[in-house]
Amino acid sequence: MSRSANMLRLLTLAVGFVFLYAPIVILATMSFNASRLVSVWGGFSIKWYAALLENGLLIESAKISLAAALLSGAVATVLGLLAAVALARFGSFRSRMLFFGAVHAPLVLPEVVLGLALLSCFVALGVGRGFATLVIGHVTLTMCFTTVALLSALRGCDPSLEEAAMDLGATPLQAFVLVALPQMAPALASAFMLAFTLSLDDLVIASFATGPGATTLPMRIYSQVRLGVSPQINAISTILLGFVALALGLSALAMQTGRRRGL
(Lines give C-alpha, C1' and ligand atoms only; values in the text may rest on other atoms or scores of the structure.)
Protein backbone atom coordinates (compact mmCIF):
# COMPACT_ATOMS: atom_id res chain seq x y z
CA MET A 1 0.00 0.00 0.00
CA SER A 2 1.34 3.44 -0.95
CA ARG A 3 2.41 6.10 1.54
CA SER A 4 -0.38 8.44 0.45
CA ALA A 5 -3.00 5.75 1.07
CA ASN A 6 -1.66 5.16 4.58
CA MET A 7 -1.74 8.89 5.29
CA LEU A 8 -5.33 9.09 4.04
CA ARG A 9 -6.37 6.23 6.33
CA LEU A 10 -4.69 7.85 9.32
CA LEU A 11 -6.30 11.19 8.52
CA THR A 12 -9.73 9.61 8.20
CA LEU A 13 -9.25 7.81 11.51
CA ALA A 14 -8.12 11.02 13.22
CA VAL A 15 -11.12 12.95 11.88
CA GLY A 16 -13.44 10.20 13.09
CA PHE A 17 -11.98 10.23 16.59
CA VAL A 18 -12.15 14.03 16.76
CA PHE A 19 -15.78 13.98 15.63
CA LEU A 20 -16.69 11.38 18.26
CA TYR A 21 -14.66 12.50 21.25
CA ALA A 22 -14.10 16.24 20.87
CA PRO A 23 -17.48 17.08 22.52
CA ILE A 24 -16.59 14.82 25.46
CA VAL A 25 -13.18 16.48 25.86
CA ILE A 26 -14.79 19.93 25.73
CA LEU A 27 -17.37 18.91 28.34
CA ALA A 28 -14.69 17.57 30.69
CA THR A 29 -12.55 20.68 30.18
CA MET A 30 -15.40 23.09 30.87
CA SER A 31 -16.20 21.27 34.10
CA PHE A 32 -13.01 22.86 35.49
CA ASN A 33 -14.09 26.33 34.37
CA ALA A 34 -14.12 28.90 37.17
CA SER A 35 -16.75 31.01 35.40
CA ARG A 36 -20.48 30.48 35.85
CA LEU A 37 -20.86 30.93 32.11
CA VAL A 38 -20.16 27.57 30.49
CA SER A 39 -19.28 29.23 27.19
CA VAL A 40 -16.64 31.57 28.65
CA TRP A 41 -13.38 30.28 30.11
CA GLY A 42 -12.67 31.96 33.44
CA GLY A 43 -9.66 30.01 34.62
CA PHE A 44 -9.04 26.59 36.14
CA SER A 45 -11.06 25.64 39.21
CA ILE A 46 -12.51 22.57 40.91
CA LYS A 47 -15.13 24.52 42.85
CA TRP A 48 -18.00 23.02 40.85
CA TYR A 49 -16.98 19.54 41.95
CA ALA A 50 -17.02 20.75 45.54
CA ALA A 51 -20.42 22.38 44.94
CA LEU A 52 -21.83 19.00 43.94
CA LEU A 53 -21.53 17.88 47.56
CA GLU A 54 -24.13 20.53 48.47
CA ASN A 55 -26.51 19.64 45.65
CA GLY A 56 -28.86 17.22 47.38
CA LEU A 57 -31.01 16.55 44.29
CA LEU A 58 -28.10 15.43 42.13
CA ILE A 59 -26.61 13.29 44.90
CA GLU A 60 -29.94 11.60 45.58
CA SER A 61 -30.45 10.93 41.88
CA ALA A 62 -26.92 9.51 41.64
CA LYS A 63 -27.66 7.13 44.54
CA ILE A 64 -30.87 5.96 42.85
CA SER A 65 -29.06 5.40 39.54
CA LEU A 66 -26.25 3.43 41.18
CA ALA A 67 -28.65 1.29 43.22
CA ALA A 68 -30.85 0.58 40.19
CA ALA A 69 -27.81 -0.21 38.01
CA LEU A 70 -26.31 -2.61 40.57
CA LEU A 71 -29.59 -4.43 41.20
CA SER A 72 -30.73 -4.59 37.58
CA GLY A 73 -27.24 -5.62 36.45
CA ALA A 74 -27.17 -8.52 38.92
CA VAL A 75 -30.69 -9.67 38.04
CA ALA A 76 -30.07 -9.34 34.29
CA THR A 77 -26.85 -11.36 34.59
CA VAL A 78 -28.60 -14.19 36.44
CA LEU A 79 -31.54 -14.25 34.03
CA GLY A 80 -29.19 -14.01 31.07
CA LEU A 81 -27.25 -17.01 32.39
CA LEU A 82 -30.43 -19.04 32.77
CA ALA A 83 -31.56 -18.09 29.25
CA ALA A 84 -28.12 -18.97 27.85
CA VAL A 85 -28.21 -22.38 29.55
CA ALA A 86 -31.69 -23.05 28.14
CA LEU A 87 -30.60 -22.13 24.61
CA ALA A 88 -27.23 -23.91 24.70
CA ARG A 89 -27.90 -27.05 26.74
CA PHE A 90 -31.57 -27.96 26.29
CA GLY A 91 -31.37 -28.77 22.59
CA SER A 92 -34.17 -28.06 20.13
CA PHE A 93 -37.09 -27.96 22.54
CA ARG A 94 -40.55 -26.92 21.43
CA SER A 95 -40.99 -23.12 21.17
CA ARG A 96 -37.20 -22.67 21.20
CA MET A 97 -37.35 -20.17 18.33
CA LEU A 98 -40.11 -18.23 20.07
CA PHE A 99 -38.05 -18.10 23.25
CA PHE A 100 -34.94 -17.07 21.29
CA GLY A 101 -36.84 -14.27 19.58
CA ALA A 102 -38.43 -13.03 22.81
CA VAL A 103 -35.06 -12.89 24.57
CA HIS A 104 -33.37 -11.00 21.73
CA ALA A 105 -36.30 -8.70 20.84
CA PRO A 106 -35.08 -5.71 22.95
CA LEU A 107 -31.90 -5.67 20.84
CA VAL A 108 -33.85 -4.46 17.80
CA LEU A 109 -36.83 -2.73 19.39
CA PRO A 110 -36.56 1.07 19.67
CA GLU A 111 -36.22 2.04 23.32
CA VAL A 112 -39.18 4.40 23.12
CA VAL A 113 -41.40 1.51 21.96
CA LEU A 114 -40.12 -0.75 24.74
CA GLY A 115 -40.61 2.02 27.30
CA LEU A 116 -44.16 2.69 26.13
CA ALA A 117 -44.94 -1.04 26.26
CA LEU A 118 -43.64 -1.23 29.84
CA LEU A 119 -45.68 1.82 30.82
CA SER A 120 -48.84 0.32 29.31
CA CYS A 121 -48.18 -2.94 31.16
CA PHE A 122 -47.69 -1.20 34.51
CA VAL A 123 -50.84 0.88 34.05
CA ALA A 124 -52.91 -2.15 32.98
CA LEU A 125 -51.76 -4.13 36.03
CA GLY A 126 -52.28 -1.19 38.37
CA VAL A 127 -48.63 -1.14 39.45
CA GLY A 128 -47.42 2.15 40.87
CA ARG A 129 -44.29 3.37 39.18
CA GLY A 130 -41.17 3.80 41.29
CA PHE A 131 -37.83 2.19 42.00
CA ALA A 132 -39.14 -1.37 41.52
CA THR A 133 -40.60 -0.65 38.08
CA LEU A 134 -37.39 1.17 37.16
CA VAL A 135 -35.38 -1.97 37.93
CA ILE A 136 -37.86 -4.13 35.98
CA GLY A 137 -37.53 -1.85 32.97
CA HIS A 138 -33.75 -1.90 33.07
CA VAL A 139 -33.68 -5.69 33.46
CA THR A 140 -35.94 -5.99 30.42
CA LEU A 141 -33.59 -3.75 28.44
CA THR A 142 -30.27 -5.31 29.52
CA MET A 143 -31.12 -9.01 29.80
CA CYS A 144 -30.80 -9.51 26.04
CA PHE A 145 -27.24 -8.16 26.10
CA THR A 146 -26.20 -10.42 28.97
CA THR A 147 -27.80 -13.40 27.24
CA VAL A 148 -25.82 -12.81 24.05
CA ALA A 149 -22.53 -12.49 25.94
CA LEU A 150 -23.10 -15.51 28.16
CA LEU A 151 -24.47 -17.70 25.36
CA SER A 152 -21.27 -17.17 23.40
CA ALA A 153 -19.16 -17.97 26.47
CA LEU A 154 -21.19 -21.07 27.32
CA ARG A 155 -20.84 -22.45 23.81
CA GLY A 156 -17.09 -21.97 24.14
CA CYS A 157 -16.87 -24.14 27.26
CA ASP A 158 -15.53 -27.66 26.81
CA PRO A 159 -18.43 -30.07 27.58
CA SER A 160 -16.03 -32.96 28.07
CA LEU A 161 -14.85 -31.41 31.33
CA GLU A 162 -18.38 -31.49 32.74
CA GLU A 163 -18.81 -35.05 31.48
CA ALA A 164 -15.62 -36.03 33.28
CA ALA A 165 -16.90 -34.44 36.48
CA MET A 166 -20.16 -36.40 36.21
CA ASP A 167 -18.20 -39.59 35.60
CA LEU A 168 -16.46 -38.93 38.91
CA GLY A 169 -19.79 -38.71 40.73
CA ALA A 170 -20.91 -35.11 40.36
CA THR A 171 -24.52 -34.29 39.51
CA PRO A 172 -25.20 -32.25 36.35
CA LEU A 173 -25.85 -29.18 38.50
CA GLN A 174 -22.64 -29.67 40.49
CA ALA A 175 -20.66 -30.19 37.29
CA PHE A 176 -22.06 -26.98 35.84
CA VAL A 177 -21.43 -24.92 38.98
CA LEU A 178 -17.95 -26.31 39.71
CA VAL A 179 -16.65 -26.69 36.14
CA ALA A 180 -18.52 -24.47 33.66
CA LEU A 181 -19.11 -21.39 35.80
CA PRO A 182 -15.42 -20.86 36.65
CA GLN A 183 -14.67 -20.96 32.91
CA MET A 184 -17.38 -18.35 32.36
CA ALA A 185 -16.26 -16.02 35.17
CA PRO A 186 -14.76 -13.37 32.83
CA ALA A 187 -17.90 -13.43 30.68
CA LEU A 188 -20.10 -13.12 33.77
CA ALA A 189 -18.12 -10.10 34.94
CA SER A 190 -18.26 -8.59 31.47
CA ALA A 191 -22.03 -9.18 31.18
CA PHE A 192 -22.64 -7.56 34.56
CA MET A 193 -20.50 -4.54 33.66
CA LEU A 194 -22.35 -4.16 30.36
CA ALA A 195 -25.76 -4.35 32.04
CA PHE A 196 -24.61 -1.98 34.78
CA THR A 197 -23.37 0.58 32.25
CA LEU A 198 -26.52 0.42 30.12
CA SER A 199 -28.71 0.88 33.18
CA LEU A 200 -26.62 3.75 34.53
CA ASP A 201 -26.76 5.64 31.21
CA ASP A 202 -30.40 4.96 30.37
CA LEU A 203 -32.79 7.87 29.96
CA VAL A 204 -35.60 6.67 27.68
CA ILE A 205 -36.70 3.54 29.56
CA ALA A 206 -36.37 5.32 32.92
CA SER A 207 -38.61 8.16 31.70
CA PHE A 208 -41.42 5.65 31.12
CA ALA A 209 -40.80 3.17 33.93
CA THR A 210 -40.06 5.34 36.94
CA GLY A 211 -42.21 7.70 38.96
CA PRO A 212 -41.97 10.42 41.62
CA GLY A 213 -39.28 9.76 44.18
CA ALA A 214 -37.14 7.63 41.87
CA THR A 215 -35.62 10.16 39.49
CA THR A 216 -32.41 8.83 37.98
CA LEU A 217 -29.29 10.91 37.35
CA PRO A 218 -29.72 11.07 33.54
CA MET A 219 -33.32 12.23 34.04
CA ARG A 220 -32.20 14.88 36.53
CA ILE A 221 -29.45 16.11 34.21
CA TYR A 222 -31.84 16.27 31.26
CA SER A 223 -34.46 18.21 33.22
CA GLN A 224 -31.89 20.77 34.42
CA VAL A 225 -30.21 21.15 31.01
CA ARG A 226 -33.53 22.25 29.50
CA LEU A 227 -33.37 25.29 31.80
CA GLY A 228 -29.74 26.04 30.92
CA VAL A 229 -26.41 24.28 31.25
CA SER A 230 -24.90 24.69 34.72
CA PRO A 231 -21.20 24.13 35.50
CA GLN A 232 -22.32 21.54 38.06
CA ILE A 233 -23.97 19.61 35.24
CA ASN A 234 -20.63 19.55 33.42
CA ALA A 235 -18.95 18.30 36.59
CA ILE A 236 -21.42 15.50 37.32
CA SER A 237 -21.42 14.51 33.64
CA THR A 238 -17.62 14.25 33.69
CA ILE A 239 -17.77 12.05 36.79
CA LEU A 240 -20.39 9.87 35.10
CA LEU A 241 -18.25 9.58 31.97
CA GLY A 242 -15.24 8.56 34.04
CA PHE A 243 -17.29 6.00 35.94
CA VAL A 244 -18.66 4.46 32.74
CA ALA A 245 -15.19 4.44 31.17
CA LEU A 246 -13.86 2.60 34.23
CA ALA A 247 -16.67 0.04 34.02
CA LEU A 248 -16.05 -0.54 30.32
CA GLY A 249 -12.32 -0.85 30.96
CA LEU A 250 -12.90 -3.47 33.63
CA SER A 251 -15.25 -5.32 31.27
CA ALA A 252 -12.66 -5.30 28.49
CA LEU A 253 -9.97 -6.46 30.93
CA ALA A 254 -12.19 -9.34 32.07
CA MET A 255 -12.81 -10.42 28.47
CA GLN A 256 -9.11 -10.21 27.64
CA THR A 257 -8.25 -12.29 30.70
CA GLY A 258 -10.81 -14.89 29.65
CA ARG A 259 -9.32 -15.12 26.15
CA ARG A 260 -5.82 -15.56 27.55
CA ARG A 261 -7.01 -18.36 29.81
CA GLY A 262 -8.74 -19.94 26.85
CA LEU A 263 -5.46 -20.04 25.01
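Source: prediction; values computed, not measured.
Looking only at distances, no side-chain donor or acceptor of S199 sits under 3.5 Å from a matching main-chain atom of H138. No donor-acceptor pair closer than 3.5 Å links the side chain of R155 to the backbone N or O of L150. Side-chain N or O atoms of S95 include none that pairs as donor or acceptor with a backbone N or O of L98 at under 3.5 Å. Panel note: side chain W48, backbone N33; a donor-acceptor pair is recorded below 3.5 Å. Remark: the backbone N or O of A206 is not paired with any side-chain donor or acceptor of T210 at under 3.5 angstrom. T197 places a side-chain N or O within 3.5 Å of a backbone atom of M193 that can act as its donor or acceptor partner. For the pair S190 (side chain) and P186 (backbone), a donor-acceptor distance under 3.5 Å is absent.
Listed here is the closest heavy atom pair of A34 and S45: CB-CB, 3.6 Å. Residues F99 and A86 approach most closely at CE2-CB, 4.2 Å, considering heavy atoms. Shortest non-hydrogen contact noted between A28 and T238 is CA-OG1, 3.4 Å. T140 approaches I136 most closely through the heavy-atom pair OG1-O, 2.8 Å. The nearest pair of heavy atoms linking A68 to S72 is O-OG, 2.6 Å. T133 approaches A209 most closely through the heavy-atom pair OG1-O, 2.5 Å.
Residues S31 and S237 have side chains not in contact (no heavy-atom distance under 4.5 Å, counting atoms from C-beta outward). You'll find the side chain of L116 stays beyond 4.5 Å of the side chain of V112, heavy atoms only. With a 4.5 Å cut-off on side-chain heavy atoms, T146 and L194 do not count as touching. A heavy-atom distance below 4.5 Å is found between the side chains of E60 and I64. Residues L118 and F208 form no side-chain contact, since every pair of their non-hydrogen atoms from C-beta on lies 4.5 Å or further apart. Contact annotation: the side chain of T142 never approaches that of V75 to less than 4.5 Å [non-hydrogen atoms, C-beta and beyond]. Two residues are said to be in side-chain contact when any heavy atoms from C-beta on lie closer than 4.5 Å; I221 and L217 meet this criterion. Contact annotation: the side chain of L66 approaches that of F196 to within less than 4.5 Å [non-hydrogen atoms, C-beta and beyond].
The number of heavy atoms from other shown groups lying within 6.0 Å of CG (L82) is above 12. Annotation for F44: atom CZ counts as buried by contact number, over 12 foreign heavy atoms lying within 6.0 Å. The number of heavy-atom neighbours closer than 6.0 Å to NZ of K63, taken from other residues, nucleotides and ligands shown, is 12 or below.
The line from CZ of R220 to CG of L203 is 13.0 Å long, rounded to the nearest 0.5 Å. Expressed to the nearest 0.5 Å, how far CG of D202 lies from CE of M219 amounts to 9.5 Å. Atom OG in S207 sits 10.0 Å away from atom CG in L134 (nearest 0.5 Å). Taking CG of L71 as the reference point, atom CZ of F131 lies at 5.5 Å (rounded to 0.5 Å). Remark: L57 CG to S223 OG distance equals 9.0 Å, nearest 0.5 Å. We find the CE-CG distance between M166 and L161 to be 10.5 Å, quoted to the nearest 0.5 Å.
Residues I59 and I236 fall into different hydrophobic clusters, defined by Ile, Leu, Val, Met, Phe, Trp and Tyr side chains chained together at heavy-atom separations under 4.5 Å. No continuous path of hydrophobic side-chain contacts links L20 to V25 [ILVMFWY only; heavy atoms under 4.5 Å]. Under the 4.5 Å side-chain heavy-atom criterion for Ile, Leu, Val, Met, Phe, Trp and Tyr, M30 and L27 are members of distinct hydrophobic clusters. Connection of L70 to L200 is established within a shared hydrophobic cluster, with ILVMFWY side chains joined at heavy-atom distances below 4.5 Å, either directly or through further cluster members. Under the 4.5 Å side-chain heavy-atom criterion for grouping Ile, Leu, Val, Met, Phe, Trp and Tyr, L109 is not connected to M97 through any hydrophobic cluster.
Side-chain atoms of S61 and T215 form no donor-acceptor pair, as typed in the model, at a separation below 3.5 Å.
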Exercise. Start with the C-alpha distance between Q183 and V179, add both sets of side-chain angles, then the distance that settles side-chain contact (heavy atoms from CB on, under 4.5 Å), and finish with yes or no.
Key: CA-CA 7 Å; Q183 298 180 67; V179 178; 3.7 Å; yes

Exercise. Go through the steps to decide whether V103 and V148 satisfy the test side-chain contact (heavy atoms from CB on, under 4.5 Å), and finish with yes or no.
Key: CA-CA 9 Å; V103 169; V148 170; over 6 Å; no

Practice problem: Could you please spell out the steps behind the side-chain contact (heavy atoms from CB on, under 4.5 Å) verdict for L188 and L181? | Solution: CA-CA 9 Å; L188 287 168; L181 280 186; 4.1 Å; yes

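Between F32 and Y49, the distance from one ring center to the other falls under 6.0 angstrom.
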